[in-house]
Amino acid sequence: MGEDADNQVLEAEIAGLESRLRAARAKLPSKTEVQSVVCEAVASPETHFLLLLSDSALPLGSFAFSSGLESYTAHRPSTSTPRETTERFLRLSVNSLSHTTLPFVLEAHREPKAALALDDIFDASTICTVARRASVSQGRALLTVHEKSFSSSLPPSPELEAYRRALRAQNVRDRASGHFAVVYGVLCSLAGIGLEEAGYLFLLGHVKAVLSAAVRQSLIGPYHMQALLAAESTRGIMDNALTVAKGIAVEDAGQSVPTLDLYQGRHELLYSRVFNS
Amino acid sequence: MPKPPPIPPPLTPSKPTPLPGHGSIYTRLLPPSQTTLPHLHFTYPLKLISTPSPPSTTNTYQTVFQLTYGGGLVSNDQVHLRIVLEPSSKLCLLTQGSTKIFKQKVDGDITRQALDVRLCQGARLLLLPDPLQPFEGSVFSQVQRFWLEDEEEGKRGGGGMVVLDWVTEGRAARGERWGLERFESRNEVYSIGSTRLLLRDALVLNSLPSTNSQEESLCSRMDGLVVFATLIIRGPAFERLATFAKNKFSEEPRIGGRSFGTYDDGKVRGDSGRNRRDVLWTVSEVRGFVLVKVSGWVLEEVRGFLREILIDGGDVIGEFGEDCLLCLR
């Protein structure tokens, strides 16, 4: 009997509190609505990671590299305006990327389990010393970002863990290099980012890095950089690059702009240099 | 998933195929130091001519010329050459004049050239062809695969390879500048034991109209360069050459500011008084290989530059004599 009475008192109290809560909520109708809209916008973790990976604050050191722009401008007599030089280099660089590196990003995304094999093939296929250095440096940095920053928020990834372990393998033959394109593809796949989005994101990162290097080399101003980033023509070359790369198996990747390998390979001969590549 | 690696040529010659354009070469060492050709086979349109090394040579090698009828490959020609260098044997593979690649006749036809070379322990290969010369409208695909036995655990037989792969702009005399339709050349090196890919150097030139109208033409993309050459060096037999190339590159004058070609110091270079060649070149060291990439605005300059590197580097002349530099004269 006593227990029943206690329960009745508690139920009454709960009912009272609930009605007060409803009344209080009713006083703030507009605010709760806004709240729910925002909640929906951040609901997709894929979009969230897409934005994180596209952020220039991601500590990869990407802006230490000009992808050959610095050496390119040093080698070519200035027959065109700095603006034209930048735009041409960007087109050539994206064209080259779509035949060499981008197919590896896409394949790593499709088959994260093959990451170590892809890393080895990429390592065998990338001839230019300067480009290799840039790729390994950013790839290892991205592995570290995953380990220290993202791993607690993403599902566990045996592929990336094995990858990290393989960087320190005792046997030289089993040692991975940690190439940027492969790590990138695997991480995007882990974060739930779609195949095309991953390729697009990688391209955008490359375009931003090249244009940012152009700004710091005083070839273009920061406003023009943004104008180029926003331009339909830039989106056009990125679209084209993605279409091309989707049709190339990693075995068929190859250099489509041989001059870039030469210019970039000669980066080390620059008397003074701002960038690492 | 990456595709499984291709299969190397078998150690014993298979029954000659009647297929057109097929050929096979086996070289064998007769101790102590004589290289012989126990097997040489070819079918039209491929032709192979062999010559032994000069009688005065103590450590002999075989020279084989790879020829094509009319000095070139017509649309849809398929050439497939398989070579096995048995342990410690030496082969020098040359051509006579550039390989012309003629215009594609039927849509979808591809002119192909494939080379599979197996290098047993201690074998030495020198591949110094004349440049490929793709004509306007040609569609060409070349794959050269090399399998190395020396890569296996504990086997260092003192072998090695030097491979030159180069392509020119076309018939310059007729105003053809990179007028080809599609050109592809791959050089792949595998380890026999682990079937692991050690190196892949691939050049893919495409002039097919893309959907993007702002794309430059292939010729314009080349910045006036008329030839692209890649020299691949591997193995203890050619270590001196590899070191020479690396040192030569590190001694290149620094490029100052924006004016290409201005030097900042007046140091005398070790070029033994020769004029500096007007070429654009770079050296990279990748997974035990040394690759020299050379390009230029005049074919003769690039030819001369390669010749100087191979002569000054020592190993190639030491192993194969000066006659092997035929394509660089």
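Order of the sequence lines sets the chain letters (A, B, ...), proteins ahead of strands, with each chain counted from 1. Computed from a predicted structure; not experimentally measured. Any value given below was found using the heavy atoms of this structure, including those in side chains, with hydrogens, waters and symmetry copies removed.
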Practice task
Could you tell me the separation between the CZ atom of A:R266 and the CG atom of A:D261, rounded to the nearest 0.5 Å?
Solution key: 13.0 Å

Practice task
Check each atom of A:N95 against the heavy atoms of chain B and say whether the ones under 4.5 Å are side chain, backbone, both or neither.
Solution key: side chain

Completion exercise
If you tally heavy-atom pairs under 4.5 Å between each of B:V283, B:V286, B:L203 and chain A, the highest tally belongs to B:V286

Fill in the blank from the handout: The interface call for A:Q264 against chain B, heavy-atom contacts under 4.5 Å, is neither

Practice task
Check each atom of B:L291 against the heavy atoms of chain A and say whether the ones under 4.5 Å are side chain, backbone, both or neither.
Solution key: side chain

Exercise for the section: Look at the rings of A:F122 and A:F104 and say which category their plane angle falls in: under 30° parallel, 30 to 60° tilted, over 60° perpendicular. Expected result: perpendicular

Practice task
Identify which of A:S125, A:S256, A:A249, A:A124 forms the greatest number of heavy-atom pairs closer than 4.5 Å to chain B.
Solution key: A:A124

Handout entry: Per-residue contact mode, A:L262 against chain B (heavy atom under 4.5 angstrom)
Key = both

Fill in the blank from the handout: The interface call for B:F289 against chain A, heavy-atom contacts under 4.5 Å, is neither

Fill in the blank from the handout: Most contact-rich option vs chain B, by heavy-atom pairs under 4.5 angstrom, among A:P258, A:S71, A:G265, is A:P258

Problem - Between NE2 on residue B:H80 and CZ on residue B:R112, distance to nearest 0.5 Å - result: 11.5 Å

Exercise for the section: Would you check if there is a donor-acceptor pair between the side chains of A:N276 and A:H267 at a distance under 3.5 Å? Expected result: no

Practice task
Would you mind checking if B:R221 and B:E216 are paired as a salt bridge, meaning a charged N to carboxylate O distance below 4.0 Å?
Solution key: no

Practice task
Counting only heavy atoms closer than 4.5 Å, note whether A:T100 contacts chain B via side chain, backbone, both or neither.
Solution key: neither

Problem - Interface residue of largest heavy-atom contact number with chain B, from A:T243, A:D120, A:V244, under 4.5 Å - result: A:D120

Exercise for the section: Classify the side-chain pair B:D109/B:Q104 by whether it contains a donor and acceptor separated by less than 3.5 Å. Expected result: no

Handout entry: Qualifying residue, where the test is ring pair (Phe, Tyr, Trp, His ring centres under 6.0 Å) with B:F228 and the options are B:W166, B:W281, B:W178
Key = B:W178

Problem - Region of A:R110 in contact with chain B, defined by heavy-atom distances below 4.5 Å - result: neither

Practice task
Step through it carefully: locate the ring centre of A:F65, locate the ring centre of A:F275, and say whether they are under 6.0 Å apart.
Solution key: no

